[in-house]
Amino acid sequence: MAVKSTQVAIIGSGPAGLMLAQLLHLSGVECIILERQTRSHVEGRIRAGVLEHGSVEALRDAGVADRLNLEGLVHDGVELAFEGDRHRICLKELTGKSVTVYGQTEVTRDLIEARLAAGGEIVFEAEDVTPVDVTSAQPKVKYTHNGQDLEVACDFIAGCDGFHGVSRKTIPENVRSEFERVYPFGWLGILAEVPPVADELIYANGDRGFALCSMRSTTRSRYYIQCPRDENLDDWPDDAIWDELALRIGPDTAANLTRGPSIEKSIAPLRSYVCEPMRYGNLFLAGDAAHIVPPTGAKGLNLAIADVRLLHRGFERWYRNNTADGLDTYSTSALARVWKAERFSWYLSTMMHQFPDHNPFERRMQRAEFDYVRSSQAASRAIAENYVGLPLD
Ligand code: APR
Ligand code: PHB
């Protein structure tokens with residue numbers, strides 16, 4: 001069997017794996033990325049598009065922000081709407097910070113380009129990727145590529161292979177704890193080459209369900225509507241989505257809505273999930289491999305970036321300063337931040353959706369929550385500081 005060797009073997013070339021590879025490259029630490037899918041598949045996935053202040057800084061520090069600096073849309077506010085009542089969360093005024101609208105697809109493309117330009121390796125279409133001997137000082141990752149059985153010998157494995165990856169499952173069940181909430185609905189998303197309905201994002205809750213108006217650029221819009229978990233996409237021709245969206249955002253906003261043919265449509269279920277710990281021996285989990293947030297608040301990509309910044313610090317201290325302290329604290333430090341983002345995503349999801357199982361008391365609680373946020377600068381600031389992103393430590 002052909003054996004390669006490296007310092008860090010990274011499983012998965014989503015934003016977590018790619019960003020970690022870029023940070024390691026800048027620190028002079030060698031790594032190899034093993035990715036199950038093709039490059040075009042990875043670059044074609046459509047996901048959320050809001051970068052926290054700290055994520056933008058991290059991408060800049062990592063030298064991968066040329067296009068982000070040119071094309072990213074800086075947003076100083078975001079709107080919440082409840083049964084037609086509107087409230088702007090003034091991000092900049094309340095926190096001094098903004099968010100940047102820039103698609104995860106673009107972040108992924110920029111990171112892949114940077115890695116390949118630096119001569120770094122990404123093995124696309126790696127099959128049967130399997131971490132081995134992860135609790136030993138010589139862990140390995142076995143895989144098959146072009147019909148050949150291969151192995152990467154390494155010091156550490158970074159499991160950046162998303163929710164359905166193999167890394168988390170390598171941690172024995174008696175070692176890991178899982179925490180989960182599955183929401184009784186999904187989001188039906190539509191992407192279209194039409195100007196956005198408003199300059200800022202709008203999260204709207206009304207009796208027909210949640211809707212989100214987002215964008216990818218000044219000419220490309222991304223909209224979502226809450227739908228049943230088991231909804232069939234075939235039941236939603238474009239016109240039906242536009243009609244439903246217009247009803248949910250209300251006549252004033254809908255008056256500015258431009259419709260157009262969908263470029264992409266998809267349904268995503270909503271889930272909150274955390275796996276503890278995020279380390280097992282010399283295997284470290286980062287990003288969706290360790291946790292999932294519902295998309296309300298767009299924390300998924302941002303959490304992945306925060307995780308790998310912490311993990312990179314741990315590796316850097318190991319290789320430069322010969323100390324394991326950053327690796328030893330990684331799981332605890334990462335989880336402390338993860339849980340806060342879980343709380344915020346759960347909170348915003350809970351306030352902004354129609355829950356089929358809610359009783360009238362719970363509906364009144366949602367209304368009271370919105371009214372409180374609208375009337376209180378402190379409550380609005382709490383939303384704002386979470387939305388622009390909590391500090392890394
Ligand atoms: N072997 C190799 N690669 C794998 C395997 C496997 N067994 N399983 C999954 N992968 C790859 C996937 O094909 C994907 O490219 O791992 C990558 C994981 O990427 P993401 O799912 O994007 O996860 P992550 O990098 O943690 O980024 C988190 O992505 O899912 C969104 O909302 C989420 O925005 C968040 C971000
Ligand atoms: C998106 O643009 O896809 C998006 C924006 C904000 C969210 C979720 C998704 O909270």
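One-based numbering, in listed order, for ligands and for the atoms of each. Quick caveat: nothing in here was measured; it's all calculated off a predicted structure.
- Contact detail for Ile225 and Glu244: the closest heavy-atom pair is CD1-CG, 3.8 Å.
- Neither the backbone nor the side chain of Tyr223 comes within 4.0 Å of ligand 2, counting heavy atoms alone.
- For ligand 2, the atoms sitting less than 4.0 Å from at least one non-hydrogen atom of Arg222 are 3 (O), numbered in the order shown with element in parentheses.
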Task: Step-by-step salt bridge (Lys or Arg N to Asp or Glu O under 4.0 Å) determination, Glu43 to Arg39 - done: CA-CA 6 Å; Glu43 291 189 335; Arg39 179 175 175 182; 3.2 Å; yes
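- Listed by number with element, the atoms of ligand 1 under 4.0 angstrom from any heavy atom of Gly300 are 34 (O), 35 (C).
- Looking at His41 against ligand 1, nothing comes within 4.0 Å, counting heavy atoms.
- Ranking the protein heavy atoms by distance from atom 30 (O) of ligand 1 puts Asp288 OD2, 2.6 Å first.
- At under 3.5 Å, a nitrogen or oxygen of Glu35, whether backbone or side chain, sits near a nitrogen or oxygen of ligand 1.
- When each atom of ligand 2 is checked for a heavy atom of Arg216 under 4.0 Å away, the hits are 1 (C), 2 (O), 3 (O).
- Atoms of ligand 1 lying under 4.0 Å from any heavy atom of Leu301, numbered from 1 in the order shown and given with element: 34 (O), 35 (C).
- Against a heavy-atom cut-off of under 4.0 Å, Ile11 is close to the following atoms of ligand 1: 1 (N), 2 (C).
- For atom 22 (O) of ligand 1, the nearest non-hydrogen atom from the set Glu127, Arg45, Arg47 belongs to Arg47.
- Judged purely by distance below 3.5 Å, without hydrogens or angles, the side chains of Ser98 and His53 never pair a donor atom with an acceptor atom.
- If you look at Cys160 next to ligand 1, the close heavy atoms, those under 4.0 Å, all belong to the backbone.
- Note on Trp339: it does not cluster hydrophobically with Leu390, by side-chain heavy-atom contacts below 4.5 Å among ILVMFWY residues.
- Relative to the six-membered ring of Tyr372, Arg374 misses at least one condition, a distance below 6.0 Å or an angle of at most 45° to the axis.
- Residue Trp187 places no N or O, backbone or side chain, under 3.5 Å from any N or O of ligand 2.
- For Val129, every heavy-atom contact with ligand 1 shorter than 4.0 Å involves the side chain, none the backbone.
- Interface atoms of ligand 2 facing Gly297, defined by a heavy-atom separation under 4.0 Å, are 10 (O).
- Residue Tyr102 places no heavy atom under 4.0 Å from ligand 2.
- Side chains of Ile122 and Leu18 form a contact here, defined as non-hydrogen atoms less than 4.5 Å apart.
- A continuous path of hydrophobic side-chain contacts links Met19 to Phe124 [ILVMFWY only; heavy atoms under 4.5 Å].
- Using a 3.5 Å distance cut-off with no hydrogens or angles, the side chains of Tyr143 and Glu127 do not pair a donor with an acceptor.
- Tracing side-chain contacts under 4.5 Å through hydrophobic residues (I, L, V, M, F, W, Y), one never reaches Ile202 starting from Leu94; they form parts of separate clusters.
- Of the N and O atoms on the side chains of Glu369 and Tyr347, at least one donor lies less than 3.5 Å from an acceptor on the other residue.
- For Arg248 against Ala204, the heavy-atom pair with the smallest separation is O-CB, 4.2 Å.
- Using a distance-only test at 3.5 Å, with no hydrogens or angles considered, no donor-acceptor pair links the side chain of His25 to the main chain of Ala21.
- Atoms of ligand 1 lying under 4.0 Å from any heavy atom of Gln37, numbered from 1 in the order shown and given with element: 13 (O).
- By the criterion of a heavy-atom distance under 4.0 Å, neither the backbone nor the side chain of Val101 is placed next to ligand 2.
- Ligand 2 is never approached by Gln104 to a heavy-atom distance shorter than 4.0 Å.
- Atom 9 (C) of ligand 1 has Asp161 O, 3.1 Å as its closest protein atom, hydrogens excluded (heavy atom only).
- The single protein non-hydrogen atom nearest to atom 3 (N) of ligand 1 is Arg36 N, 3.1 Å, given as residue, atom name and distance.
- Listed by number with element, the atoms of ligand 2 under 4.0 Å from a non-hydrogen atom of Leu201 are 5 (C), 6 (C).
- Of the N or O atoms in Val50, none lie within a sub-3.5 Å distance of an N or O in ligand 2.
- Here is the list of ligand 1 atoms found below 4.0 Å of a heavy atom in Gly162: 18 (C), 21 (O), 23 (O).
- Nearest protein heavy-atom contact of atom 5 (C) of ligand 2 is Ser214 OG, 3.5 Å.
- For atom 25 (O) of ligand 1, the nearest protein heavy atom (residue, atom name, distance) is Ala16 N, 2.9 Å.
- On a distance-only criterion, Ala126 and ligand 1 share no N/O pair closer than 3.5 Å.
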- [ ] Start with the C-alpha gap between Lys97 and Glu385, add the side-chain angles, then the distance that decides, and say whether salt bridge (Lys or Arg N to Asp or Glu O under 4.0 Å) holds.
- [x] CA-CA 8 Å; Lys97 293 178 185 151; Glu385 77 171 346; over 6 Å; no
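- Below 30°, between 30° and 60°, or above 60°: for Tyr319 and Phe315 the angle between ring planes is between 30° and 60°, a tilted geometry.
- Ring centroids of Trp187 and Tyr223 are separated by 6.0 Å or more, keeping the two rings apart.
- The closest non-hydrogen atom to atom 27 (O) of ligand 1, taken over Gly287, Gly165, Pro15, Ser13, comes from Pro15.
- Under the 6.0 Å cut-off for aromatic ring centres, Phe210 and Phe185 do not qualify, their centroids lying 6.0 Å or more apart.
- Remark: minimum distance from atom 8 (C) of ligand 2 to any protein heavy atom is reached at Pro295 O, 3.3 Å.
- For atom 29 (O) of ligand 1, the closest non-hydrogen atom of the protein is Gln104 NE2, 3.0 Å.
- Nearest heavy atom pair, residue Ile292 against residue Arg271, reads CG2-O, 3.3 Å.
- Among protein heavy atoms, the minimum distance from atom 10 (O) of ligand 2 is reached at Tyr203 OH, 2.6 Å.
- Screening Thr329, Asp328, Thr332 for a side chain to side chain donor-acceptor pair (under 3.5 Å) with Arg279, the sole residue that qualifies is Asp328.
- For atom 3 (O) of ligand 2, the nearest protein heavy atom (residue, atom name, distance) is Tyr224 OH, 2.5 Å.
- Residue contacts with ligand 1 for Leu34 involve N, CA, C or O but no side-chain atom from C-beta outward (heavy atoms, distance under 4.0 Å).
- Of all heavy-atom pairs spanning Arg47 and Thr105, the tightest one is N-OG1, 4.1 Å.
- Of the N or O atoms in Met215, none lie within a sub-3.5 Å distance of an N or O in ligand 2.
- Distance from atom 19 (O) of ligand 1 to its nearest protein heavy atom, with residue and atom name: Gly14 CA, 3.4 Å.
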